Amino acid sequence: MSDAGVRGLTLALLAAVAVYSFARFEVTNSITHFFPSGGEAELVELSLELVDSRLSRRMVLTVGQGSERFRAAAALADRLRSHPEVEWIEAGLHDDALRGFYDVYFDRAIYLTSDTPEVEIPKLFEPSALEQRARELRASLAGPTSILVARAAPADPLGLFERVLERTRDAQALPTAGDGVFASADGAYAIILVGLRSSPFESERQAGLLRDIEAEFAEIAAASGGDLELGMSGVNRIAVATEQTVRSDLNFISAVSVAAVCALFLLVFRSLRHLAIAVLAPVAGFAAAIAVALSFGGPVHSITLGFGFVLIGVAIDYPIHVMNHHALAPVAGSPRETVGRIRGSLLLSGLTTTLAFAALALSDFPGLGEMGTFAAVGVPVALGVAMFSVPAFLRSTPDPTRVQRALSVGAVGLIRWLEARVAVAVALVLALMVIAAAGLPRLHWEDDPGSLTMADPALLEEDERVRRRMAYVDGGRFVVALASEAEAALALNDEIYQRLAAAVAAGHLDGVHSLHSFLWSQSLQRANLAAFSAVPQLTEKIDRAFSAVGFRPGAFGRFAEAVAQPTVAPLSPRDLVESPLARVLDSLVELDERVAAVTYLRGVRSSEGVEAALDGLPGAQYVDQRSVIAAVYQGYRRSTTRMVALGCAIVFCVLQLRYRSVTRGLLAFLPSALVALATFGLFGLLGIAVNVVSAISLLVVLGMGVDYGIFTVDCSRDFERLGPTMSSLLVSCLTTLFVFGALALSAQPVLRSIGMTTGVGILFALALSPAVSVLARRIRA
Amino acid sequence: MSRARATLQLLLVLCLAGESRAADEESAAAESGIEPLMKRFAANRGVRARFREARHLALLTDPIESAGVLYFAPPDHLARHTTWPGSARIVVRGTQLAFQDETGHQTLDLGASEVARHFVSDLAVLLRGDLPGLRARYRVAFRAEGQGWVLDLEPRAPVVRRLVAWMRVEGRGSVLTRLETRETNGDTTVLSFEQVETGLDFSAAERERIFSLDERSSGEREK
């Protein structure tokens, strides 16, 4: 095929892949992407499922300060109710809600009287208890609600409905204020609860909703004088903000990288055309990798996109070698002849880098696996373009610039200088060994998953502030009742509630937010009814006690009838679905083949105390999401470190097979393995914490370092290749540094870790390359 | 305190408990003379009266009796300070309601519930001489009787009609003397007024003392 044909085919394929990727492009920020995939501890699985459940699809809005806050909140709630991304809104208790509450609970109060019906219900019928209740009822008949109490009392002389009201109101802990809107405990803020229709991690939809909320509020606030303040809390807000940070980081990194790399190419090649040719290979690899990821893996994680820039840093080395070797070729020839001369080095570099990254693709983290696949696809494609397409874009006649010549000559001069001072080369190697040996024992691993992503602190503060204005629970700590079906989960939840109540009394935590406040298991409800039915002479006892304080005998016949022949069945989840209390069922989560009743905890002071309270309850699990995930990350960090070691071993074996010499294979391996260890050693000495992503980034260092080693060792046999090779390595290293250097400026810790680890590693690898070259030549000699 | 809160919540809930199926027919009862009466009420400004209440409930063998002082300051401040047999205090200010007795104190905003608002503001509507407001809530029948007058009120709101059959207000001149409420279940409440003072302008300090929604100590309540 002619060069023109190759150029046309390359550009056409690239355009087609780009259009395909653009059409299917979808990005995600879900933290679940960095959870292990299946086969792991049940708690992690559970956390994973709960993160994607309806429980996380909520927002809290508060309107504060202004005197019009309640009216403004009511207006905002009304406007948002019809928003396509809003599934439900709860802004207060209104007539319909109260009516629904009465319908659900009044006739069922006999089912929902006591957690310990066998003990407590007989006590209600002891003479002294009945006498006290009769006096209380009589007193309330003298009060302002007499007209209503008198109607409720015949069916509920014992005040059972009031008990239910007390329990549910304490659980809701949201009083109402002006216009019936929910208010914070101090009345300073109106509160609106918003149910989200989509996952909070669908950032595009959530960004639209957040924009609309702010716009609607701005209108309302302006109309009411403008002294109102909107507060928002929700996972969606953090996710959207994180994505915006990542996007803006990527824009910034792209701008800085492009500017620096353009300047470098103008300086070295005196031509941006060479940059365009060089970029062709990594861009093709990037586009192909995105296309594959979108075709088989769904949305691409934003962190994987950042990793794509790493890929550019790796893959741009190949065309740089081709262009620089062609320009500095000792004998004039076509670009394809140049590729032919360095084909072995290029192929071996591509193979080792791909193998190093392929280990990542086997990771149990979907996010890391995606990165591995991304690179394992992108690197070979980029190499193929560098070897097949790039020569078609180059001029046949070599025309090196002065800078290229100077770099080449300088590199040769440096090698000659080092050859005369082998001790310096050895000292350099030893220095890296010392850094590794001294620093690695001090290395601090950060396994907190929160350290991988960073949201705007102001946003997190607002989130915390808003959540404190209402029933504040720690969303990351909860107790789960796990069972095969709902009734069993509810029965377990009943037991958990009692145990946790004891733990609250013991001071292990401040309180709980439990489904038990609204819904009990059928078995406990029937036990309540049975306990009432078992009371001997129930009617007579009531009559005797109540008559003594002036009630007519037989006035409470309806209660006795309800106990003997209930008019309604015990309360079931189905009864709540259509009621104003349907939201409480969000705590009853259907998982794969299981049902979980989730109890959120408030003010946990002793995790051990909570765990001890649940001792001996099969299916009851205390989940501290942060420590669970930290433990998982720690496990995967160790696993990743082992993968890095495995990657090293594979690369070493490949090099041994290629060179069939232990020493030369070792020298080619040195810039990767030693550099990887020295990089972490330096971080240990500087007190820079590393994480699982740093460990992954070491694979990048390995992949690129081994390229440097291969080219350096290969050129040691051919002195004429020494200059072009070493100057190519310098240009490659600078290109990579410009890309990674900008990545290290990212606000996202995960991107920063990648940038710092790879940046430092590549610098070390470049510094070590001349020493490796000298040692290789000395051994060869 | 928790008991008082629960009771108030019960009030709200039970207000909504029923549905009326009765037709809402326009009253053809005579209203002649009511306009001058309501104008006199409107001119009354502030009102203070001692009251005695007797509640005859089907549940009880004997009536429940109480006594105290009722205060009204237009347009919507109403306070009922019970002094016998126990001490209790109910204050209504617009849609705000405060209730305090031996079991505790609670304030409540009735803004969310049209029904509850209706319930607590009826007497204020009458005392401030708001004839359109009264007609919106009740079918009204007025008649003169001897030296005085009688006002029969039949609730219009379905949910109120389910609880209250009718109310009868009796008075002389611009002074209320008796208010009888007959509930649909036969229970009856009779409020008798004595020492009725009208045309009062409560000072700021008096307003604060009488109509405060805040919790008061028992000493303050005795004043």
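The sequence lines fix the lettering, A, B, ..., with proteins before strands; numbering per chain opens at 1. Just so you know, these numbers come straight off a predicted model, no measurement behind them.
- To the nearest 0.5 Å, atom CG of residue B/Leu134 and atom CZ of residue B/Arg156 are 9.5 Å apart.
- A salt bridge links A/Glu131 and A/Arg135; the closest N-O separation between the charged side-chain nitrogens and carboxylate oxygens is under 4.0 Å.
- The aromatic rings of A/Phe125 and A/Phe559 sit parallel to each other, their planes meeting at less than 30°, with 60° as the upper class boundary.
- Of all residues in residues 181-190 of chain B, those placing a non-hydrogen atom less than 4.5 angstrom from a non-hydrogen atom of chain A are B/Glu183, B/Thr184, B/Asn185, B/Asp187.
- Using a 4.0 Å cut-off between charged nitrogen and carboxylate oxygen, B/Glu180 and B/Arg178 count as a salt-bridge pair.
- Only the side chain of A/Phe556 comes within less than 4.5 Å of a heavy atom of chain B; its backbone N, CA, C and O stay farther away.
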Checklist entry - Would B/Phe193 and B/Phe51 count as a ring-ring contact (aromatic ring centres under 6.0 Å, His included) if you check the C-alpha gap in whole Å, the side-chain angles of each, and the deciding distance to 0.1 Å? => result CA-CA 5 Å; B/Phe193 299 102; B/Phe51 73 84; 7.2 Å; no
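- With respect to B/Glu197 and B/Arg48, a salt bridge is recorded, a charged nitrogen being found less than 4.0 Å from a carboxylate O.
- Contact of B/Ile90 with chain A is made through the side chain alone, with heavy-atom distances under 4.5 Å.
- Ranking A/Ala555, A/Pro553, A/Gly550 against chain B, the residue ahead of the rest is A/Gly550, based on heavy-atom pairs under 4.5 Å.
- For chain A, the nearby parts of B/Thr61 are the backbone and the side chain; heavy atoms of each come within less than 4.5 Å.
- In this structure, B/Arg52 satisfies the cation-pi test against B/Trp84, with its NZ or CZ atom closer than 6.0 Å to the six-membered ring centre and inside 45 degrees of the ring normal.
- In terms of heavy-atom pairs under 4.5 angstrom with chain A, the leader among B/Ile64, B/Leu57, B/Leu60 is B/Leu60.
- For chain B, no part of A/Arg163 is nearby; none of its heavy atoms comes within less than 4.5 Å.
- Residues satisfying the ring-ring contact (aromatic ring centres under 6.0 Å, His included) criterion with A/Tyr105, sequence neighbours excluded, are A/Phe101.
- With chain B as partner, the option from A/Ala150, A/Ser547, A/Ala153 having the largest number of non-hydrogen pairs under 4.5 angstrom is A/Ala150.
- Taking a 6.0 Å sphere around CD of A/Glu578, one finds it holds 12 or fewer heavy atoms contributed by other residues, nucleotides or ligands.
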